[in-house]
Amino acid sequence: MPPTFHPIHPLFGAEVRGVDLSRPLSAADFAAIREAFEARSVLVFRGQAVDDAAQVTFAGRFGPLETVRSGAVGAGGHLITLTNVGPDGGILPPTHEQQLHGMANRLWHTDSSFKAVPALASLLSARRVPPEGGETEWASTRAAWAALPVETRRRIDGLAARHDFAHSRALVDPGIDRAAVRASFPPVVRPLVRHDWGAADAALYLGSHAAAIEGMDEAEGRALLDELTRHATEPRFVYTHAWKPGDLVLWDNRATLHRGRPFAAGRHPRVMVRATVSDVAAARAQAA
Ligand code: OGA
Ligand code: MN
């Protein structure tokens, strides 16, 4: 039986049924999923008993995987663990790097937009979830683009944003040494509007790492980014996922913003594991 796709939102997203991600997918089944990923941007798989190896295998079919940066849980490997639980099993203090990372993830963002090679896709699996809160939301920046007035589209297409990890980290940790962060992650300039799907449609590309608009004065650029983010994250463009252990969500970082929702992070464990697929095409286009 080939996988079937069921809408989860009128504008984007689908739940995929009829696949077992703990086993290798046939070429035909993978092709159907890859096509749905392009079309729908967010794919939800429920009741998957994925372990780390299965998650890496499935993610790797989409392209080369990011290596987790040093300082994060999973450094040097292909899976980053987003958790508020320390190695001894206790909940970490609010000032701990992993808790700050969790707070940063509550801002609308798209993964790795600040890196030299940005992310095509992310695959997040829920291992432990809190009894309430801790949902994840996705906004379709492709649907948001389509809903913009033609004059706005004309005005912003061709602009570029500077993505800077020091900027987004400072939002959750104002005391951060920006120069040190920039030494590891030099800011990158990326088109504000992506055209990855042919002439017929496009997507806004912004999020918490987007610090400024190139060639625009600081305040004016900031106002434009804020205005577009507000538009893109209007409730009509948002899908909210309430996690159950065993859920895996795959999303297109070119076409969505996402954020984690609050929960009692000082009290309840939340453990999520993510594989991130590199957007080699974007990196190549950028270098050209
Ligand atoms: C991520 C992310 C948010 C969350 O995994 O990239 O931003 O709800 N997660 O855990
Ligand atoms: Mn993220």
Side-chain angles (χ1 to χ4, degrees), residues 13 16 21 25 30 33-34 36-38 40-45 48 50-83 97-98 100-127 136-141 163-165 168-169 181 184-186 188 190 194 196 203 205-210 241 243 247-260 270-286:
V16 185
L21 298 180
L25 292 175
F30 179 73
I33 290 169
R34 187 71 180 73
F37 165 81
E38 289 289 334
R40 300 297 294 176
S41 304
V42 176
L43 298 181
V44 172
F45 303 79
Q48 300 293 330
V50 285
D51 59 12
D52 291 358
Q55 190 164 345
V56 167
T57 300
F58 179 46
R61 307 251 331 233
F62 290 85
L65 302 183
E66 275 189 15
T67 300
V68 178
R69 67 183 163 86
S70 67
V73 185
H78 289 314
L79 292 176
I80 183 169
T81 300
L82 308 167
T83 176
E97 162 64 24
Q98 287 166 233
L100 289 172
H101 192 167
M103 293 309 289
N105 277 347
R106 294 185 191 180
L107 304 172
W108 287 109
H109 67 281
T110 184
D111 290 335
S112 304
S113 69
F114 59 89
K115 294 184 186 169
V117 181
L120 170 70
S122 295
L123 299 91
L124 186 63
S125 78
R127 307 296 176 88
T136 305
E137 295 184 329
W138 284 268
S140 172
T141 55
H163 293 251
D164 180 1
F165 192 45
S168 49
R169 280 326 295 251
V181 175
S184 311
F185 296 105
V188 289
R190 303 241 127 90
R194 301 194 56 140
D196 295 78
Y205 192 71
L206 23 74
S208 63
H209 308 303
H241 189 75
W243 294 95
D247 288 354
L248 183 145
V249 179
L250 157 69
W251 69 90
D252 187 342
N253 282 297
R254 305 167 304 174
T256 55
L257 291 172
H258 63 279
R259 68 172 178 181
R270 183 175 188 267
V271 182
M272 311 291 287
V273 173
R274 193 184 84 206
T276 317
V277 183
S278 292
D279 188 352
V280 283
R284 212 177 289 128
Q286 184 118 10

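All heavy atoms count here, side chains included; hydrogens, waters and symmetry mates do not. As the structure is a computational prediction, the values presented were derived from the model and not from experiment.
Proximity of Phe58 to Phe30: side-chain heavy atoms (C-beta onward) are separated by under 4.5 Å at one or more points. The shortest distance between side-chain heavy atoms of Gln98 and Thr83 falls below 4.5 Å. Side-chain atoms of Asp52 and Arg127, non-hydrogen and from C-beta on, do get closer than 4.5 Å to each other. Counting heavy atoms from C-beta outward, Leu82 and Asn105 have side chains that approach closer than 4.5 Å. Proximity of Val42 to Val249: side-chain heavy atoms (C-beta onward) are separated by under 4.5 Å at one or more points. Side-chain contact between Arg190 and Pro118 is present, with heavy atoms from C-beta onward closer than 4.5 Å. Using a 4.5 Å cut-off on side-chain heavy atoms (C-beta onward), His109 and Leu206 make no contact. The side-chain heavy atoms of Leu120 and Arg254, taken from C-beta on, include a pair separated by under 4.5 Å.
Among residues two or more places apart in sequence or in another chain, the side-chain contact (heavy atoms from CB on, under 4.5 Å) test is passed with Arg259 by Trp108, Glu137, Arg261. Residues that satisfy the ring-ring contact (aromatic ring centres under 6.0 Å, His included) test with Phe114, not counting sequence neighbours, are Phe165, Phe185, His209. Residues satisfying the salt bridge (Lys or Arg N to Asp or Glu O under 4.0 Å) test with Arg34, not counting sequence neighbours, are Glu38. Residues meeting the side-chain contact (heavy atoms from CB on, under 4.5 Å) test with Asp247, sequence neighbours left out: Arg46, His241, Trp243, Lys244.
Closest approach of Asp279 and Ala119 over heavy atoms only: CB-C, 3.7 Å. The shortest non-hydrogen separation linking His163 to Ser113 is ND1-OG, 2.9 Å.
From Gln55, atom CD reaches atom CG of Leu250 across 10.5 Å, with rounding to the nearest 0.5 Å.
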When the side chains of residues 61-77 are checked against the rest of the protein, which donor-acceptor pairs come out under 3.5 Å, sequence neighbours left out?
{"from": "Arg61", "atom 1": "NH1", "to": "Leu25", "atom 2": "O", "distance (Å)": "2.8"}
{"from": "Arg61", "atom 1": "NH2", "to": "Leu25", "atom 2": "O", "distance (Å)": "3.3"}
{"from": "Glu66", "atom 1": "OE1", "to": "Ser112", "atom 2": "OG", "distance (Å)": "3.4"}
{"from": "Glu66", "atom 1": "OE1", "to": "Lys115", "atom 2": "NZ", "distance (Å)": "2.7"}
{"from": "Glu66", "atom 1": "OE2", "to": "Ser112", "atom 2": "OG", "distance (Å)": "2.6"}

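Under the side-chain contact (heavy atoms from CB on, under 4.5 Å) rule, Val56 has a single partner from Leu123, Leu79, Val273, which is Leu79. When the options Asp252, Asn253, Thr256, Thr110 are evaluated for a side-chain hydrogen bond (donor to acceptor under 3.5 Å, both in side chains) with Ser122, the one that passes is Asn253. Exactly one of Phe37, Phe45, Trp138 qualifies for a ring-ring contact (aromatic ring centres under 6.0 Å, His included) with Trp251. That residue is Trp138.
Evaluation of the salt bridge (charged side-chain N to carboxylate O under 4.0 Å, His left out) test over residues 105-114, restricted to residues two or more places apart or in two chains, returns Asp111-Arg274.
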